[in-house]
Number of protein chains: 2
Amino acid sequence: MMSSISSDTCSPGADEARSLAEQAYRAIEDMVVRLDLPPGARLTENDLSQRVGFGRTPVREALQRLHYDGLVRVFPRKGIAVSEVNPLDVLVALDVYAAVERLVAAAAARRAGRAEEALAEQMAGAMARAAAVGDIGGFVETDKAIDRILAELSGNPYAARALVPLQAMARRAWLFFRRESDLAPAAERHAELLKAVCSGDAEAAEAAAESLVAHVRETIKEAVSRL
Amino acid sequence: MMSSISSDTCSPGADEARSLAEQAYRAIEDMVVRLDLPPGARLTENDLSQRVGFGRTPVREALQRLHYDGLVRVFPRKGIAVSEVNPLDVLVALDVYAAVERLVAAAAARRAGRAEEALAEQMAGAMARAAAVGDIGGFVETDKAIDRILAELSGNPYAARALVPLQAMARRAWLFFRRESDLAPAAERHAELLKAVCSGDAEAAEAAAESLVAHVRETIKEAVSRL
DNA sequence: AATAAATATATTATATGCAATAGATCTATT
DNA sequence: AATAGATCTATTGCATATAATATATTTATT
């Protein structure tokens with residue numbers, strides 16, 4: 001009977017049953033973003049197949065998604081490479097990121113209620129703690145979680161979808177260029193964004209989103225100026 | 001030697017050698033957007049395989065891209081369906097479309113020069129003629145060409161990339177809901193956008209982009225009000 | 001006749017095999 | 001020794017076979 005419209009455009013949630021291709025995507029995306037697979041690293045479908053334990057097909061499908069996301073480059077019949085982190089490119093991408101993230105933040109603020117406050121504070125706390133201890137893994141994990149929450153809260157799956165590759169790129173670039181001292185300010189910006197959203201003030205949320213992107217921009221510009 | 005950075009994030013140009021998967025994507029995308037495969041139509045990988053003349057693998061890869069674009073829905077082990085045109089969803093997507101398209105229009109305006117004027121006028125003319133004669137095929141073709149030109153001119157491949165699914169969705173919805181009388185105004189909006197971009201006036205270009213999206217919005221709202 | 005179980009069918013998900021090709025290595029020729 | 005050609009190797013692109021599963025159909029039972 002084909003059922004009525006379930007609003008999901010695409011990806012299954014965190015705990016749902018996932019295809020091997022989906023698992024492969026998440027695994028490889030994570031390795032790329034966390035710089036575990038560093039920029040420029042050469043990959044082959046076979047390597048990754050064995051690494052994640054699935055056949056070539058799901059890995060190949062994952063790699064195509066990563067290619068669309070701009071995280072890897074495919075050289076036909078030559079191999080695959082993790083994309084370089086080009087700071088000028090990232091700055092260009094950040095313009096798009098800012099525009100869409102503002103929209104998401106504003107929409108989320110308009111829809112947020114008291115119910116979200118607890119979760120938001122929990123996230124802000126987790127991120128602040130991770131930052132204080134220098135726990136990069138935890139920081140990134142919380143960052144991803146916050147992005148998921150805002151996307152969900154915004155009620156705009158199209159914005160969320162557009163954001164996916166931009167977030168991946170921004171996150172990776174930030175991780176690549178960041179210094180130890182950037183952790184705490186970033187956590188602070190996230191906390192302010194969450195607070196603005198929960199307060200229901202759309203304009204404040206937009207400003208907070210802009211401020212967050214500005215921080216990333218500055219981190220990258222500073223790194224460039226050090227070259 | 002792996003060559004230096006070629007700025008392409010992804011898709012090959014119009015005339016370059018294309019993989020079967022790329023060809024399949026373009027063919028099926030076109031059929032979906034032009035409503036040749038109508039909303040709700042049931043598909044199978046095998047059907048499409050035979051229809052486009054390739055094996056299942058490239059068709060499957062194309063379908064996955066279309067899935068990410070939101071043009072088809074995949075029901076695991078049940079089949080595939082062309083997405084319905086949900087006007088409320090489209091209106092949500094148009095908010096994102098507007099935000100990104102404004103950015104693209106502004107960037108294109110800042111980078112446009114005298115060289116582009118001829119092409120722009122040619123495009124505007126082609127679209128106006130198609131509209132006058134009621135040549136939907138030609139209209140859509142020109143519309144796509146204009147989008148490609150603006151994306152190229154903007155110098156922001158990330159915005160262009162984000163726009164792809166939004167343009168497909170907006171185009172399809174517009175084709176679905178439009179009436180004969182919408183053709184000419186749409187062509188007019190496109191012409192104004194092109195003119196604003198070529199004039200180098202970023203603010204005017206943004207306004208023109210907004211006006212174009214507003215026209216789509218109105219077309220859809222009107223259709224909804226007729227239901 | 002109605003219902004439940006069993007079976008068949010349709011379809012995607014995954015694995016694997018083969019083809020095409022880019023690049024590296026080896027060989028022969030001068 | 002240097003170079004051109006040939007051959008080998010690695011790698012993705014594509015096709016196809018198999019597995020898993022959802023749905024439809026049939027059959028048996030009451």
Side-chain angles (χ1 to χ4, degrees), chain A residues 1-4 6 8-13 16-28 32 37 40-83, chain B residues 1-4 6 8-13 16-28 32 37 40-83:
Chain A
M1 186 35 63
M2 185 67 32
S3 92
S4 59
S6 95
D8 75 311
T9 11
C10 176
S11 49
E16 292 166 47
R18 315 201 274 272
S19 67
L20 299 186
E22 179 71 25
Q23 291 178 55
Y25 173 77
R26 297 194 188 196
I28 302 173
V32 171
L37 292 174
R42 295 300 306 264
L43 309 174
T44 74
E45 295 181 354
N46 263 322
D47 289 348
L48 290 167
S49 253
Q50 299 188 305
R51 189 150 172 176
V52 301
F54 314 142
R56 265 186 65 204
T57 303
V59 166
R60 186 178 161 77
E61 293 177 353
L63 284 170
Q64 292 188 340
R65 273 175 78 179
L66 292 168
H67 173 58
Y68 305 144
D69 289 351
L71 291 180
V72 305
R73 301 180 62 192
V74 176
F75 301 94
R77 294 186 169 96
K78 287 203 294 182
I80 298 152
V82 177
S83 299
Chain B
M1 185 36 58
M2 186 63 34
S3 91
S4 59
S6 95
D8 75 311
T9 7
C10 175
S11 49
E16 291 166 49
R18 316 200 275 271
S19 68
L20 299 187
E22 178 71 25
Q23 291 177 55
Y25 173 77
R26 297 193 187 197
I28 302 173
V32 171
L37 292 174
R42 294 299 306 265
L43 308 173
T44 75
E45 295 181 355
N46 262 323
D47 289 349
L48 290 168
S49 252
Q50 300 188 304
R51 190 152 172 177
V52 302
F54 312 142
R56 266 186 63 205
T57 303
V59 166
R60 184 176 163 79
E61 293 176 354
L63 285 170
Q64 292 188 339
R65 274 175 77 180
L66 292 168
H67 172 58
Y68 307 143
D69 289 352
L71 291 180
V72 305
R73 302 181 61 190
V74 176
F75 301 94
R77 294 186 168 94
K78 288 204 294 184
I80 298 153
V82 177
S83 300

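In what follows, chains are A, B, ... by sequence order, proteins preceding strands, each numbered from 1.
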(request) Check whether any side-chain N or O of A:Lys78 sits under 4.0 Å from OP1 or OP2 of C:dG23, and answer yes or no. (result) yes
(message) List the residues meeting salt bridge (charged side-chain N to carboxylate O under 4.0 Å, His left out) with A:Glu45, not counting sequence neighbours, and say none if there are none.
(response) A:Arg56, A:Arg60
(request) Scan residues 55-63 of chain B against DNA chain D and write down, sorted by residue number, each residue with any heavy atom closer than 4.0 Å; if none is found, say none. (result) B:Gly55, B:Arg56, B:Thr57, B:Pro58
(message) Rounded to whole Å, please give me the gap between CG in B:Asn46 and P in C:dT12.
(response) 7 Å
(message) When you measure from the side chain of B:Thr44 to the backbone of B:Gly79, do you find a donor-acceptor pair of N or O atoms at a distance under 3.5 Å?
(response) no
(request) Would you kindly say whether A:Gln64 and B:Glu61 are connected by a side-chain donor-acceptor distance under 3.5 Å? (result) yes
(message) Stem list for DNA chain D, please, built from Watson-Crick and G-U wobble pairs under 3.5 Å and keeping only runs of at least 3.
(response) C:1-30 with D:1-30
(message) From CZ of A:Arg77 over to C1' of D:dT11, roughly how many Å is that when rounded to an integer?
(response) 9 Å
(request) Please report, rounded to the nearest Å, how far the P atom of D:dT12 is from the CD1 atom of A:Ile80. (result) 4 Å
(request) Measure from the side chain of B:Leu20, starting at C-beta and using heavy atoms only, and say which of C:dA13, D:dA15, C:dA20 lies closest. (result) D:dA15
(request) Please report, rounded to the nearest Å, how far the C1' atom of C:dT14 is from the CD atom of A:Glu45. (result) 14 Å
(request) Provide, to the nearest angstrom, the distance between the CG atom belonging to B:Leu43 and the P atom belonging to C:dA10. (result) 17 Å
(request) Can you tell me the distance, in whole Å, between the CD atom of B:Gln50 and the P atom of C:dA10? (result) 13 Å
(message) Return the CG to CG distance between B:Leu63 and B:Leu48, rounded to the nearest 0.5 Å.
(response) 5.5 Å
(request) Mind calculating the distance between CZ (A:Arg18) and C1' (C:dT14) to the nearest angstrom? (result) 18 Å
(request) Working to the nearest 0.5 Å, report the span between NZ of A:Lys78 and CZ of A:Arg73. (result) 9.5 Å
(request) Return the set of residues passing side chain to side chain contact (heavy atoms under 4.5 Å, CB included) with B:Gln23 (not counting sequence neighbours), or none when no residue passes. (result) B:Arg18, B:Leu20, B:Phe54
(message) Run the side chain to side chain donor-acceptor pair (under 3.5 Å) test against A:Asn46 and tell me which residues pass, sequence neighbours left out.
(response) none
(request) Please identify each residue that fulfils side chain to side chain contact (heavy atoms under 4.5 Å, CB included) with B:Val32, with sequence neighbours left out. (result) B:Ile28, B:Leu37, B:Leu71, B:Val82, B:Arg172
(request) Find the distance A:Arg42:CZ to C:dA24:P and express it as a whole number of Å. (result) 10 Å
(request) Locate the shortest heavy-atom distance separating B:Ala81 from B:Gly40; write the atom from each residue and the value. (result) CB-O, 4.5 Å
